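What follows is a set of notes on a single structure, which appears directly below.
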Amino acid sequence: RFMPTFQGSGFSIELPEATHDVSSYGFVFPDLGDFSPSLTVRFEKAKDAPNLSAYAQEKTLPLAESLENFEVVSQSEHARGNWSYLVSTVEWGADDGRLRQKTIYIYVSGEKPAIYTITATDLASNADNSDAELNKIIGTFRTNGEQFF
């Protein structure tokens, strides 16, 4: 049996009923010299409220083990309405190629609990310029019941 058709950006697809949605969306912004800042949004259903600090560490550990000069710059936990979220900023690399990645892990409770992971990546040297714009974009993030299965 097939579930309702999934509608993506410019495509649709029918999937088996037992399929779990773990969609990822990626956006690339205009070039800033030799690099294009990016933003990704990943979705997954949640069974129980996660320990967001442990969840973030689980996702970050492979990066820490494989990337040169990896450093956790900051990490903080917050709550808003039925959301609990953790903001983590990390950097890696060297010199002009050093990257900064800000990730927000959002747990949304309710009838259909979910975890959203929003990740913004830019050169560390440009982060002061792009961070304000990326924060505005991230601030517009809202959940809804559309295409949720």
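All values reported here derive from a predicted model rather than from experimental measurement.
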Among Thr119, Asp122, Asn135, Thr121, which residue satisfies the side-chain hydrogen bond (donor to acceptor under 3.5 Å, both in side chains) criterion with Lys102? Asn135

Might you point out which heavy atoms bring [X] and [Y] nearest each other, and give the distance in Å?
X      : Y      : result
Leu134 : Ala120 : CD1-CB, 3.6 Å
Tyr105 : Ser88  : CE1-CB, 4.3 Å
Val28  : Ser36  : CG1-CB, 3.4 Å
Gly110 : Pro113 : O-CD, 3.4 Å

Would you please name every residue forming a side chain to side chain contact (heavy atoms under 4.5 Å, CB included) with Arg142, sequence neighbours left out? Arg80

In this structure, would [X] and [Y] fall into the same cluster of hydrophobic residues linked by side-chain contacts under 4.5 Å?
X      : Y      : value
Ile106 : Leu39  : yes
Val87  : Ile137 : yes
Tyr55  : Tyr85  : no
Leu123 : Trp92  : yes
Val108 : Ile115 : no

Please test Phe141 against Val41 for side-chain contact (heavy atoms from CB on, under 4.5 Å), starting from the C-alpha separation and ending with a verdict. CA-CA 10 Å; Phe141 179 81; Val41 179; 4.1 Å; yes

Phe43 and Tyr116 aromatic ring geometry - parallel, tilted or perpendicular at 30°/60° bounds: tilted

Nearest-0.5 Å distance that lies between atom [atom1] in [X] and atom [atom2] in [Y]:
X      : Y      : atom1 : atom2 : answer
Glu14  : Thr19  : CD    : OG1   : 11.5 Å
Ser125 : Leu99  : OG    : CG    : 9.0 Å
Ser38  : Phe27  : OG    : CZ    : 11.0 Å
Leu61  : Phe70  : CG    : CZ    : 9.0 Å
Phe35  : Asn126 : CZ    : CG    : 9.5 Å

As a test of understanding, state which of Val90, Leu86, Thr103 forms a side-chain contact (heavy atoms from CB on, under 4.5 Å) with Gln75. Leu86

Before giving the answer on side-chain contact (heavy atoms from CB on, under 4.5 Å), spell out for Phe6 and Ser23 the whole-Å C-alpha distance, their side-chain angles and the decisive distance to 0.1 Å. CA-CA 10 Å; Phe6 179 84; Ser23 299; 3.7 Å; yes

Heavy atoms of other groups near Asp95 CG, more than 12 under 6.0 Å: no

More than 12 heavy atoms of other groups within 6.0 Å of Asn129 CG: yes

So, the side chain of Asn51 versus the backbone of Ser53: is there a donor-acceptor pair under 3.5 Å, distance only? yes

Sequence neighbours excluded, which residues qualify as salt bridge (Lys or Arg N to Asp or Glu O under 4.0 Å) partners of Glu44? Arg42

With a 4.5 Å heavy-atom cut-off, do Arg100 and Asp131 have their side chains touching? no

For residues 59-72, which residue pairs qualify under salt bridge (Lys or Arg N to Asp or Glu O under 4.0 Å), counting only residues two or more places apart or in two chains? Glu71-Arg98

